[in-house]
Amino acid sequence: MENQLFIYNSLSRKKEAFKALNSPHVGMYVCGPTVYGNAHLGHARPAITFDILFRYLQHLDYKVRYVRNITDVGHLENDMDDGEDKIAKKARLERLEPMEVVQYYTNSYHRSMRQLNVLDPSIEPQASGHIIEQQQFIDRIFESGFAYEKNGSVYFDVKKYNEKYKYGILSGRVLEDLQSNTRNLEGQDEKKNPFDFALWKKASPDHLMRWPSKWSVGFPGWHLECSTMGTKYLGDEFDIHGGGLDLLFPHHECEIAQSTAVHGKSSVRYWMHNNMITLNGQKMGKSLGNAVSLDDFFSGKHPLLEKAYSPMSVRFFMLQAHYRSPLDFSNEALISAEKGLERLFRGIETLEKIQPSSKSDIDFKQFESKCYHALNDDLNTPILISHLFDGLKQINDLKEGKISIHSDDLNNLQSLYKTFVENILGLIHENSGKGSELTAVLIETILTIRQEAKLKKNFETSDQIRNALTSLGIEIKDKKDGFDWELKSTT
RNA sequence: GGUCGGUUUGCCGAGUGGCUAGGCGCUGGUCUGCAAAACCAGUUACAGCGGUUCGAAUCCGCUACCGACCUCCA
(Lines give C-alpha, C1' and ligand atoms only; values in the text may rest on other atoms or scores of the structure.)
Protein backbone atom coordinates (compact mmCIF):
# COMPACT_ATOMS: atom_id res chain seq x y z
CA MET A 1 0.00 0.00 0.00
CA GLU A 2 1.39 3.32 -1.06
CA ASN A 3 1.15 5.64 1.84
CA GLN A 4 3.08 8.70 0.99
CA LEU A 5 1.37 11.62 2.60
CA PHE A 6 1.46 14.89 0.71
CA ILE A 7 0.76 18.11 2.53
CA TYR A 8 0.46 21.63 1.25
CA ASN A 9 3.25 23.77 2.56
CA SER A 10 2.28 27.41 2.82
CA LEU A 11 5.92 28.33 2.54
CA SER A 12 6.47 26.79 -0.89
CA ARG A 13 2.81 27.08 -1.88
CA LYS A 14 2.97 23.54 -3.13
CA LYS A 15 1.97 20.11 -2.05
CA GLU A 16 5.07 18.37 -0.77
CA ALA A 17 5.77 14.77 0.14
CA PHE A 18 5.86 14.59 3.90
CA LYS A 19 9.16 13.32 5.25
CA ALA A 20 9.56 13.26 8.99
CA LEU A 21 12.72 14.82 10.30
CA ASN A 22 13.34 11.98 12.75
CA SER A 23 11.03 9.27 11.57
CA PRO A 24 9.04 7.71 13.16
CA HIS A 25 8.85 10.75 15.37
CA VAL A 26 6.91 13.78 14.26
CA GLY A 27 6.84 17.15 15.98
CA MET A 28 3.77 19.24 15.38
CA TYR A 29 2.91 22.65 16.78
CA VAL A 30 -0.44 24.35 16.36
CA CYS A 31 -1.46 27.79 17.52
CA GLY A 32 -4.23 27.36 20.04
CA PRO A 33 -6.73 29.90 21.28
CA THR A 34 -6.32 33.12 23.17
CA VAL A 35 -8.52 32.40 26.13
CA TYR A 36 -10.56 35.50 26.62
CA GLY A 37 -13.89 34.36 25.25
CA ASN A 38 -15.90 31.26 24.52
CA ALA A 39 -14.67 29.09 21.70
CA HIS A 40 -16.57 29.75 18.51
CA LEU A 41 -16.97 27.91 15.26
CA GLY A 42 -13.75 29.44 13.97
CA HIS A 43 -11.75 27.87 16.75
CA ALA A 44 -13.12 24.49 15.84
CA ARG A 45 -11.63 24.61 12.36
CA PRO A 46 -7.92 24.37 13.20
CA ALA A 47 -8.66 22.12 16.14
CA ILE A 48 -10.45 19.65 13.90
CA THR A 49 -8.12 20.04 10.95
CA PHE A 50 -5.03 19.27 12.95
CA ASP A 51 -6.86 16.65 14.95
CA ILE A 52 -7.31 14.81 11.67
CA LEU A 53 -3.64 15.21 10.87
CA PHE A 54 -2.68 14.07 14.37
CA ARG A 55 -4.91 11.03 14.09
CA TYR A 56 -3.81 10.17 10.58
CA LEU A 57 -0.10 10.47 11.33
CA GLN A 58 -0.59 8.16 14.28
CA HIS A 59 -2.52 5.81 12.05
CA LEU A 60 0.47 5.79 9.73
CA ASP A 61 2.51 4.66 12.74
CA TYR A 62 4.25 7.93 13.44
CA LYS A 63 4.96 8.79 17.03
CA VAL A 64 3.58 12.29 17.18
CA ARG A 65 4.28 14.91 19.76
CA TYR A 66 1.51 17.42 19.27
CA VAL A 67 1.92 20.76 21.01
CA ARG A 68 -0.98 23.17 21.04
CA ASN A 69 -0.55 26.27 23.13
CA ILE A 70 -2.90 28.35 25.20
CA THR A 71 -2.28 32.06 24.78
CA ASP A 72 -2.99 33.67 28.10
CA VAL A 73 -0.57 36.59 28.02
CA GLY A 74 -0.34 39.72 25.99
CA HIS A 75 -3.97 40.24 25.09
CA LEU A 76 -5.45 40.71 28.49
CA GLU A 77 -5.09 44.39 28.80
CA ASN A 78 -7.82 46.34 30.51
CA ASP A 79 -9.98 48.02 27.98
CA MET A 80 -9.33 51.68 27.64
CA ASP A 81 -12.74 52.63 28.89
CA ASP A 82 -13.54 55.98 30.29
CA GLY A 83 -15.48 54.41 33.12
CA GLU A 84 -18.91 55.33 31.89
CA ASP A 85 -19.42 52.30 29.74
CA LYS A 86 -21.80 49.82 31.34
CA ILE A 87 -19.78 46.83 30.35
CA ALA A 88 -16.62 48.33 31.70
CA LYS A 89 -18.39 49.10 34.92
CA LYS A 90 -19.60 45.57 35.24
CA ALA A 91 -16.15 44.20 34.59
CA ARG A 92 -14.80 46.40 37.31
CA LEU A 93 -17.49 45.23 39.70
CA GLU A 94 -16.77 41.61 39.00
CA ARG A 95 -13.09 42.34 39.39
CA LEU A 96 -11.86 39.10 38.02
CA GLU A 97 -8.34 37.95 38.52
CA PRO A 98 -6.78 37.58 35.07
CA MET A 99 -5.93 33.97 35.77
CA GLU A 100 -9.55 33.44 36.67
CA VAL A 101 -10.54 34.56 33.20
CA VAL A 102 -7.86 32.37 31.69
CA GLN A 103 -8.94 29.34 33.67
CA TYR A 104 -12.60 29.89 32.91
CA TYR A 105 -12.18 30.10 29.17
CA THR A 106 -9.56 27.40 29.05
CA ASN A 107 -12.01 25.05 30.72
CA SER A 108 -14.69 26.15 28.33
CA TYR A 109 -12.41 25.53 25.36
CA HIS A 110 -11.53 22.07 26.62
CA ARG A 111 -15.17 21.22 27.12
CA SER A 112 -16.01 22.25 23.56
CA MET A 113 -13.06 20.34 22.14
CA ARG A 114 -14.03 17.19 23.96
CA GLN A 115 -17.55 17.47 22.66
CA LEU A 116 -16.16 17.75 19.16
CA ASN A 117 -14.11 14.62 19.86
CA VAL A 118 -10.86 16.50 19.33
CA LEU A 119 -8.04 14.56 20.91
CA ASP A 120 -6.00 16.24 23.59
CA PRO A 121 -2.62 17.37 22.35
CA SER A 122 0.48 15.80 23.84
CA ILE A 123 1.48 19.05 25.48
CA GLU A 124 -0.63 22.14 25.98
CA PRO A 125 1.73 24.81 27.25
CA GLN A 126 0.58 28.17 28.51
CA ALA A 127 2.47 31.28 27.58
CA SER A 128 2.32 32.52 31.16
CA GLY A 129 4.11 29.38 32.27
CA HIS A 130 7.06 30.11 30.00
CA ILE A 131 8.01 33.66 30.86
CA ILE A 132 11.58 32.73 31.79
CA GLU A 133 12.06 30.76 28.59
CA GLN A 134 10.73 33.67 26.59
CA GLN A 135 13.10 36.04 28.30
CA GLN A 136 15.94 33.67 27.51
CA PHE A 137 14.79 33.61 23.91
CA ILE A 138 14.97 37.40 23.84
CA ASP A 139 18.50 37.18 25.24
CA ARG A 140 19.44 35.00 22.32
CA ILE A 141 17.93 37.41 19.83
CA PHE A 142 19.97 40.14 21.49
CA GLU A 143 23.07 37.98 21.08
CA SER A 144 22.40 37.59 17.40
CA GLY A 145 21.97 41.35 17.17
CA PHE A 146 18.38 41.66 16.03
CA ALA A 147 16.83 43.08 19.20
CA TYR A 148 16.97 46.54 20.70
CA GLU A 149 15.62 48.08 23.86
CA LYS A 150 13.75 51.33 24.24
CA ASN A 151 12.20 52.61 27.47
CA GLY A 152 12.04 49.15 28.99
CA SER A 153 10.47 47.53 25.94
CA VAL A 154 12.33 45.29 23.53
CA TYR A 155 11.68 45.20 19.80
CA PHE A 156 12.75 43.05 16.94
CA ASP A 157 14.78 44.89 14.32
CA VAL A 158 13.05 43.77 11.16
CA LYS A 159 15.04 45.99 8.86
CA LYS A 160 18.35 44.66 10.10
CA TYR A 161 17.02 41.13 9.92
CA ASN A 162 15.92 41.71 6.36
CA GLU A 163 19.44 42.66 5.40
CA LYS A 164 20.85 39.31 6.46
CA TYR A 165 17.87 37.05 5.90
CA LYS A 166 14.72 37.84 4.04
CA TYR A 167 11.66 39.04 5.88
CA GLY A 168 8.34 38.08 4.32
CA ILE A 169 9.13 34.67 2.87
CA LEU A 170 5.93 33.15 4.18
CA SER A 171 3.47 35.89 3.37
CA GLY A 172 5.10 37.07 0.18
CA ARG A 173 5.34 40.55 1.57
CA VAL A 174 8.14 42.87 0.70
CA LEU A 175 9.53 45.13 3.38
CA GLU A 176 9.32 48.23 1.24
CA ASP A 177 5.61 47.66 0.72
CA LEU A 178 5.08 47.15 4.40
CA GLN A 179 6.93 50.32 5.13
CA SER A 180 4.58 52.43 3.10
CA ASN A 181 1.44 50.63 4.18
CA THR A 182 1.83 50.18 7.88
CA ARG A 183 -0.63 52.25 9.77
CA ASN A 184 0.59 54.65 12.34
CA LEU A 185 -0.63 53.48 15.67
CA GLU A 186 -0.12 54.91 19.08
CA GLY A 187 2.97 53.95 20.97
CA GLN A 188 4.87 53.24 17.82
CA ASP A 189 7.38 55.99 18.40
CA GLU A 190 9.60 53.68 20.42
CA LYS A 191 10.20 51.55 17.40
CA LYS A 192 12.92 52.23 14.89
CA ASN A 193 10.48 51.20 12.18
CA PRO A 194 6.72 50.76 12.30
CA PHE A 195 6.92 47.12 11.23
CA ASP A 196 9.21 46.20 14.11
CA PHE A 197 7.36 44.00 16.57
CA ALA A 198 7.54 43.76 20.33
CA LEU A 199 9.45 41.02 22.07
CA TRP A 200 8.90 42.48 25.51
CA LYS A 201 6.54 45.25 26.48
CA LYS A 202 6.86 47.38 29.55
CA ALA A 203 3.56 47.15 31.39
CA SER A 204 1.43 50.23 31.68
CA PRO A 205 0.02 50.85 35.17
CA ASP A 206 -3.34 49.32 34.30
CA HIS A 207 -1.90 46.20 32.73
CA LEU A 208 -2.80 43.31 34.94
CA MET A 209 -0.39 40.57 33.94
CA ARG A 210 3.21 41.55 34.57
CA TRP A 211 6.52 39.93 35.27
CA PRO A 212 9.89 41.32 36.27
CA SER A 213 12.68 41.25 33.76
CA LYS A 214 16.03 42.90 33.21
CA TRP A 215 14.35 45.39 30.89
CA SER A 216 11.21 46.30 32.84
CA VAL A 217 8.23 44.91 34.65
CA GLY A 218 6.23 43.83 31.69
CA PHE A 219 5.04 41.01 29.52
CA PRO A 220 6.24 39.12 26.46
CA GLY A 221 5.22 39.95 22.91
CA TRP A 222 2.65 37.73 21.35
CA HIS A 223 4.77 36.21 18.61
CA LEU A 224 7.41 35.08 21.04
CA GLU A 225 5.49 32.39 22.85
CA CYS A 226 5.13 30.13 19.85
CA SER A 227 8.79 30.33 18.87
CA THR A 228 9.80 29.68 22.44
CA MET A 229 7.46 26.86 23.31
CA GLY A 230 7.70 25.27 19.90
CA THR A 231 11.44 24.91 20.07
CA LYS A 232 11.42 24.06 23.76
CA TYR A 233 9.23 21.01 23.28
CA LEU A 234 9.97 20.03 19.70
CA GLY A 235 13.58 21.04 19.17
CA ASP A 236 15.28 23.76 17.17
CA GLU A 237 13.87 22.25 14.04
CA PHE A 238 10.61 20.37 13.85
CA ASP A 239 8.20 19.04 11.29
CA ILE A 240 4.86 20.81 11.20
CA HIS A 241 3.51 24.12 12.34
CA GLY A 242 -0.17 24.78 11.85
CA GLY A 243 -2.71 27.46 12.54
CA GLY A 244 -5.39 29.60 11.03
CA LEU A 245 -4.74 31.43 7.82
CA ASP A 246 -5.26 34.72 9.60
CA LEU A 247 -2.14 34.01 11.63
CA LEU A 248 0.07 33.71 8.60
CA PHE A 249 0.88 37.37 8.78
CA PRO A 250 2.20 38.79 10.92
CA HIS A 251 2.25 36.09 13.58
CA HIS A 252 3.92 33.26 11.71
CA GLU A 253 6.10 35.56 9.70
CA CYS A 254 7.44 36.98 12.94
CA GLU A 255 7.93 33.51 14.36
CA ILE A 256 10.10 32.67 11.39
CA ALA A 257 12.11 35.83 11.92
CA GLN A 258 12.61 35.13 15.61
CA SER A 259 13.64 31.54 15.12
CA THR A 260 15.86 32.33 12.19
CA ALA A 261 17.52 35.11 14.16
CA VAL A 262 18.41 32.61 16.86
CA HIS A 263 19.05 29.41 14.94
CA GLY A 264 20.17 30.74 11.62
CA LYS A 265 17.26 29.03 9.92
CA SER A 266 13.55 28.57 10.32
CA SER A 267 12.51 25.95 12.83
CA VAL A 268 9.59 24.72 10.79
CA ARG A 269 9.67 22.42 7.78
CA TYR A 270 6.00 22.36 6.87
CA TRP A 271 3.70 25.31 7.46
CA MET A 272 0.03 24.45 7.28
CA HIS A 273 -2.87 26.86 7.41
CA ASN A 274 -6.56 26.18 7.61
CA ASN A 275 -8.92 28.60 5.95
CA MET A 276 -11.59 30.62 7.65
CA ILE A 277 -15.21 29.96 8.49
CA THR A 278 -17.44 32.56 6.97
CA LEU A 279 -20.91 33.70 7.84
CA ASN A 280 -22.85 35.23 4.97
CA GLY A 281 -19.58 35.38 3.10
CA GLN A 282 -17.79 37.26 5.85
CA LYS A 283 -15.17 35.94 8.16
CA MET A 284 -16.53 34.83 11.49
CA GLY A 285 -14.59 36.50 14.21
CA LYS A 286 -14.95 37.93 17.61
CA SER A 287 -13.76 41.32 16.52
CA LEU A 288 -16.49 41.39 13.90
CA GLY A 289 -19.13 40.50 16.42
CA ASN A 290 -20.53 37.72 14.27
CA ALA A 291 -18.97 34.74 16.01
CA VAL A 292 -21.37 32.03 17.07
CA SER A 293 -19.96 30.08 19.97
CA LEU A 294 -19.76 26.33 19.93
CA ASP A 295 -21.98 26.19 22.99
CA ASP A 296 -24.55 28.12 20.98
CA PHE A 297 -24.36 25.53 18.24
CA PHE A 298 -24.80 22.68 20.66
CA SER A 299 -27.72 24.36 22.40
CA GLY A 300 -29.25 26.12 19.40
CA LYS A 301 -29.65 29.25 21.47
CA HIS A 302 -28.57 31.93 19.05
CA PRO A 303 -30.70 34.11 16.82
CA LEU A 304 -28.86 32.90 13.74
CA LEU A 305 -29.45 29.25 14.51
CA GLU A 306 -32.66 27.53 13.55
CA LYS A 307 -31.98 24.61 15.83
CA ALA A 308 -29.35 22.90 17.94
CA TYR A 309 -26.62 21.04 16.12
CA SER A 310 -24.79 18.13 17.65
CA PRO A 311 -21.01 18.36 17.96
CA MET A 312 -20.65 15.52 15.48
CA SER A 313 -22.77 17.36 12.94
CA VAL A 314 -20.51 20.37 13.29
CA ARG A 315 -17.44 18.19 12.95
CA PHE A 316 -18.80 16.43 9.91
CA PHE A 317 -19.88 19.73 8.38
CA MET A 318 -16.28 20.90 8.53
CA LEU A 319 -14.83 17.68 7.21
CA GLN A 320 -17.06 17.84 4.17
CA ALA A 321 -15.02 20.81 3.02
CA HIS A 322 -11.29 20.79 2.47
CA TYR A 323 -9.41 22.52 5.25
CA ARG A 324 -7.78 25.02 2.87
CA SER A 325 -11.08 26.23 1.47
CA PRO A 326 -13.18 28.81 3.16
CA LEU A 327 -16.34 27.27 4.54
CA ASP A 328 -19.53 29.23 4.68
CA PHE A 329 -21.86 28.57 7.54
CA SER A 330 -25.59 28.32 7.05
CA ASN A 331 -28.39 26.46 8.72
CA GLU A 332 -29.18 24.74 5.45
CA ALA A 333 -25.64 23.47 5.02
CA LEU A 334 -25.47 22.27 8.59
CA ILE A 335 -28.79 20.48 8.37
CA SER A 336 -27.73 18.75 5.19
CA ALA A 337 -24.52 17.67 6.88
CA GLU A 338 -26.50 16.37 9.80
CA LYS A 339 -28.68 14.26 7.53
CA GLY A 340 -25.73 12.97 5.56
CA LEU A 341 -23.95 11.93 8.72
CA GLU A 342 -27.01 10.06 9.92
CA ARG A 343 -27.08 8.16 6.68
CA LEU A 344 -23.41 7.31 7.00
CA PHE A 345 -23.90 5.92 10.47
CA ARG A 346 -26.96 4.00 9.34
CA GLY A 347 -24.89 2.43 6.61
CA ILE A 348 -22.26 1.36 9.08
CA GLU A 349 -24.92 -0.22 11.26
CA THR A 350 -26.16 -2.08 8.21
CA LEU A 351 -22.64 -3.21 7.42
CA GLU A 352 -22.32 -4.78 10.86
CA LYS A 353 -25.30 -7.00 10.09
CA ILE A 354 -24.17 -8.25 6.68
CA GLN A 355 -23.76 -11.99 6.35
CA PRO A 356 -20.76 -13.25 4.40
CA SER A 357 -21.04 -15.68 1.53
CA SER A 358 -18.60 -17.75 -0.46
CA LYS A 359 -17.87 -15.34 -3.25
CA SER A 360 -17.21 -11.63 -3.30
CA ASP A 361 -18.29 -8.93 -5.69
CA ILE A 362 -16.40 -6.31 -3.74
CA ASP A 363 -13.02 -4.98 -4.82
CA PHE A 364 -11.84 -4.21 -1.33
CA LYS A 365 -8.25 -3.38 -2.20
CA GLN A 366 -9.27 -0.76 -4.68
CA PHE A 367 -11.73 0.78 -2.29
CA GLU A 368 -9.19 0.90 0.50
CA SER A 369 -6.59 2.43 -1.73
CA LYS A 370 -8.98 5.15 -2.84
CA CYS A 371 -9.63 6.05 0.76
CA TYR A 372 -5.95 6.31 1.60
CA HIS A 373 -5.27 8.20 -1.56
CA ALA A 374 -7.78 10.86 -0.55
CA LEU A 375 -6.16 11.47 2.81
CA ASN A 376 -2.67 11.29 1.42
CA ASP A 377 -3.58 14.11 -0.92
CA ASP A 378 -3.29 16.90 1.63
CA LEU A 379 -5.96 15.45 3.90
CA ASN A 380 -8.74 15.56 1.38
CA THR A 381 -11.50 14.60 3.75
CA PRO A 382 -14.36 15.54 1.41
CA ILE A 383 -13.08 13.05 -1.13
CA LEU A 384 -12.66 10.40 1.53
CA ILE A 385 -16.21 11.01 2.66
CA SER A 386 -17.49 10.77 -0.89
CA HIS A 387 -15.85 7.33 -1.18
CA LEU A 388 -17.42 6.27 2.07
CA PHE A 389 -20.81 7.29 0.70
CA ASP A 390 -20.13 5.41 -2.51
CA GLY A 391 -19.46 2.35 -0.40
CA LEU A 392 -22.86 2.77 1.20
CA LYS A 393 -24.54 1.82 -2.06
CA GLN A 394 -22.66 -1.46 -2.07
CA ILE A 395 -23.46 -2.05 1.56
CA ASN A 396 -27.14 -1.68 0.82
CA ASP A 397 -26.84 -3.93 -2.20
CA LEU A 398 -25.21 -6.51 0.07
CA LYS A 399 -28.05 -6.19 2.51
CA GLU A 400 -30.57 -6.68 -0.26
CA GLY A 401 -28.62 -9.69 -1.48
CA LYS A 402 -28.02 -8.12 -4.88
CA ILE A 403 -24.29 -8.69 -4.48
CA SER A 404 -22.28 -10.84 -2.11
CA ILE A 405 -19.12 -10.66 -0.10
CA HIS A 406 -16.89 -13.28 1.49
CA SER A 407 -15.90 -13.12 5.10
CA ASP A 408 -12.37 -11.77 4.59
CA ASP A 409 -13.60 -8.82 2.57
CA LEU A 410 -16.46 -8.31 4.98
CA ASN A 411 -14.10 -8.11 7.94
CA ASN A 412 -11.83 -5.80 6.03
CA LEU A 413 -14.68 -3.56 5.00
CA GLN A 414 -16.07 -3.40 8.52
CA SER A 415 -12.71 -2.51 9.94
CA LEU A 416 -12.08 0.02 7.19
CA TYR A 417 -15.22 1.94 8.03
CA LYS A 418 -14.43 1.77 11.70
CA THR A 419 -10.88 2.96 11.13
CA PHE A 420 -11.68 5.83 8.80
CA VAL A 421 -14.89 7.05 10.31
CA GLU A 422 -14.19 6.61 13.99
CA ASN A 423 -10.44 6.64 14.38
CA ILE A 424 -9.33 9.05 11.68
CA LEU A 425 -12.28 11.31 10.99
CA GLY A 426 -13.12 11.05 14.67
CA LEU A 427 -16.85 10.71 14.06
CA ILE A 428 -18.63 8.81 16.77
CA HIS A 429 -22.24 7.75 16.74
CA GLU A 430 -23.75 9.66 19.59
CA ASN A 431 -26.36 7.66 21.44
CA SER A 432 -29.20 7.48 19.04
CA GLY A 433 -32.08 9.33 20.57
CA LYS A 434 -33.73 6.77 22.78
CA GLY A 435 -33.85 8.81 25.95
CA SER A 436 -33.77 7.14 29.33
CA GLU A 437 -34.47 3.49 29.90
CA LEU A 438 -37.81 4.31 31.43
CA THR A 439 -38.78 6.31 28.36
CA ALA A 440 -37.62 3.57 26.07
CA VAL A 441 -39.59 0.86 27.83
CA LEU A 442 -42.71 3.00 27.90
CA ILE A 443 -42.52 3.87 24.25
CA GLU A 444 -41.86 0.33 23.22
CA THR A 445 -44.78 -0.91 25.27
CA ILE A 446 -47.07 1.58 23.61
CA LEU A 447 -45.71 0.76 20.17
CA THR A 448 -46.25 -2.93 20.78
CA ILE A 449 -49.89 -2.21 21.52
CA ARG A 450 -50.07 -0.17 18.33
CA GLN A 451 -48.51 -3.02 16.41
CA GLU A 452 -51.18 -5.38 17.73
CA ALA A 453 -53.88 -2.92 16.74
CA LYS A 454 -52.41 -2.73 13.27
CA LEU A 455 -52.44 -6.50 12.92
CA LYS A 456 -56.09 -6.49 13.88
CA LYS A 457 -56.57 -3.78 11.25
CA ASN A 458 -57.71 -1.45 13.96
CA PHE A 459 -56.15 1.52 12.19
CA GLU A 460 -58.12 4.04 14.15
CA THR A 461 -56.29 3.05 17.31
CA SER A 462 -52.92 2.67 15.64
CA ASP A 463 -53.17 6.10 14.02
CA GLN A 464 -54.29 7.62 17.27
CA ILE A 465 -51.19 6.27 18.98
CA ARG A 466 -49.00 7.39 16.11
CA ASN A 467 -50.36 10.92 16.18
CA ALA A 468 -49.97 11.15 19.91
CA LEU A 469 -46.36 9.98 19.87
CA THR A 470 -45.48 12.08 16.85
CA SER A 471 -46.73 15.19 18.54
CA LEU A 472 -44.41 14.35 21.44
CA GLY A 473 -41.48 14.34 19.06
CA ILE A 474 -41.22 10.59 18.74
CA GLU A 475 -40.63 9.42 15.21
CA ILE A 476 -42.09 6.03 14.41
CA LYS A 477 -40.50 3.98 11.66
CA ASP A 478 -42.69 1.13 10.58
CA LYS A 479 -40.90 -1.84 9.13
CA LYS A 480 -42.00 -5.02 7.42
CA ASP A 481 -42.01 -6.93 10.67
CA GLY A 482 -42.27 -4.58 13.58
CA PHE A 483 -41.11 -1.06 14.14
CA ASP A 484 -38.31 1.21 15.15
CA TRP A 485 -38.46 4.65 16.69
CA GLU A 486 -36.37 7.62 17.60
CA LEU A 487 -36.69 10.66 19.79
CA LYS A 488 -36.55 13.74 17.62
CA SER A 489 -36.06 17.30 18.73
CA THR A 490 -34.30 16.34 21.91
CA THR A 491 -33.30 19.60 23.54
C1' G B 1 -3.18 51.10 -2.28
C1' G B 2 -0.03 46.39 -1.52
C1' U B 3 0.15 40.79 -0.77
C1' C B 4 -2.62 36.30 -1.35
C1' G B 5 -6.80 33.47 -2.62
C1' G B 6 -11.59 32.63 -4.72
C1' U B 7 -16.08 32.75 -8.52
C1' U B 8 -18.56 25.05 -9.91
C1' U B 9 -25.44 22.52 -10.94
C1' G B 10 -31.58 24.77 -6.44
C1' C B 11 -28.00 24.83 -1.77
C1' C B 12 -23.28 23.04 0.51
C1' G B 13 -18.94 21.45 -1.56
C1' A B 14 -14.68 18.13 -4.39
C1' G B 15 -12.10 18.20 -8.82
C1' U B 16 -5.77 21.17 -12.27
C1' G B 17 -6.09 18.99 -19.50
C1' G B 18 -9.97 13.78 -21.93
C1' C B 19 -12.45 8.82 -17.55
C1' U B 20 -17.92 14.27 -16.43
C1' A B 21 -16.88 13.50 -6.66
C1' G B 22 -20.15 13.35 -2.71
C1' G B 23 -23.96 15.29 0.57
C1' C B 24 -28.63 17.91 0.97
C1' G B 25 -32.89 19.20 -1.88
C1' C B 26 -36.18 17.97 -5.75
C1' U B 27 -38.80 14.24 -9.04
C1' G B 28 -40.10 9.20 -9.80
C1' G B 29 -40.16 4.23 -7.85
C1' U B 30 -39.96 -0.06 -4.12
C1' C B 31 -42.04 -1.14 0.59
C1' U B 32 -46.67 0.04 3.19
C1' G B 33 -53.73 -0.18 5.54
C1' C B 34 -52.35 5.11 4.86
C1' A B 35 -48.37 8.19 5.98
C1' A B 36 -43.50 8.59 7.70
C1' A B 37 -38.85 6.29 7.67
C1' A B 38 -35.67 3.38 4.81
C1' C B 39 -33.81 1.87 0.18
C1' C B 40 -33.38 2.36 -5.36
C1' A B 41 -33.31 5.48 -9.71
C1' G B 42 -33.22 10.20 -12.10
C1' U B 43 -31.57 15.35 -11.74
C1' U B 44 -25.90 18.71 -13.78
C1' A B 45 -22.72 23.00 -13.57
C1' C B 46 -18.20 25.10 -14.12
C1' A B 47 -18.40 34.29 -13.75
C1' G B 48 -17.54 36.81 -18.78
C1' C B 49 -14.38 37.49 -23.05
C1' G B 50 -10.15 36.01 -25.76
C1' G B 51 -5.94 32.56 -26.39
C1' U B 52 -3.05 27.67 -26.21
C1' U B 53 -4.62 22.52 -27.50
C1' C B 54 -7.05 17.15 -31.37
C1' G B 55 -9.48 18.22 -26.60
C1' A B 56 -10.12 23.13 -20.92
C1' A B 57 -14.18 23.73 -15.28
C1' U B 58 -8.91 22.48 -15.27
C1' C B 59 -3.27 26.02 -18.61
C1' C B 60 -2.34 31.51 -20.22
C1' G B 61 -4.18 36.71 -20.70
C1' C B 62 -7.79 40.44 -19.82
C1' U B 63 -12.46 42.07 -17.45
C1' A B 64 -16.13 41.83 -13.63
C1' C B 65 -17.41 40.42 -8.85
C1' C B 66 -16.22 38.29 -3.83
C1' G B 67 -13.06 37.36 0.31
C1' A B 68 -8.62 37.10 3.63
C1' C B 69 -4.27 39.58 5.31
C1' C B 70 -1.58 44.39 5.77
C1' U B 71 -4.26 46.14 13.46
C1' C B 72 -5.94 41.64 18.12
C1' C B 73 -7.92 37.32 15.61
C1' A B 74 -8.37 30.15 14.48
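Proteins get letters first, then strands, A, B, ... in listed order; numbering begins at 1 in each.
For the OP1/OP2 pair of B:rC39 and a distance below 4.0 Å, the side-chain nitrogens and oxygens of A:R346 include at least one atom meeting the criterion. One finds a side-chain N or O of A:R343 lying less than 4.0 angstrom from the OP1 or OP2 phosphate oxygen of B:rC24. Here A:N275 does not reach the OP1 or OP2 of B:rA68: none of its side-chain N or O atoms lies under 4.0 Å away. Contact annotation: A:K339 side-chain N/O to B:rG23 OP1/OP2 distance is not under 4.0 Å.
Looking at every heavy atom in both residues, A:Q258 comes nearest to A:S227 through NE2-OG, 2.9 Å. Here the closest non-hydrogen pair linking A:D378 and A:H322 is O-NE2, 2.7 Å.
Side-chain atoms of A:T34 lie closest to B:rA74 of the nucleotides B:rA74, B:rA21, B:rG13. Taking every side-chain heavy atom of A:E332 into account, B:rC11 is the closest of B:rC39, B:rA14, B:rC11. The side chain of A:K283 approaches B:rA74 more closely than any other nucleotide in the set B:rA14, B:rA74, B:rC70.
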Which donor-acceptor pairs under 3.5 Å do side chains of residues 385-403 of chain A form with protein atoms, sequence neighbours excluded?
from   : atom 1 : to     : atom 2 : distance (Å)
A:S386 : OG     : A:I383 : O      : 2.8
A:N396 : ND2    : A:L392 : O      : 3.3

Checklist entry - How would RNA chain B look in dot-bracket form, 5' to 3', counting Watson-Crick and G-U wobble pairs with both distances under 3.5 Å and writing | for bases paired to another strand? => result (((((((..(((.....[...)))((((((.......))))))...(((((..]....))))))))))))....

Checklist entry - Given the rule in the salt bridge (Lys or Arg N to Asp or Glu O under 4.0 Å) test, do A:D246 and A:K283 qualify, once you have shown the distances and angles that lead to the verdict? => result CA-CA 10 Å; A:D246 51 344; A:K283 183 180 144 181; 3.7 Å; yes

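The closest donor-acceptor contact from the side chain of A:R68 to the backbone of A:Y29 lies at 3.5 Å or more, if one exists at all.
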Checklist entry - What string of B, S and - do you get for nucleotides 26-36 of chain B, 5' to 3', if B is base contact, S is sugar-phosphate-only contact and - is no contact with any protein heavy atom under 4.0 Å? => result -----S-BBBB

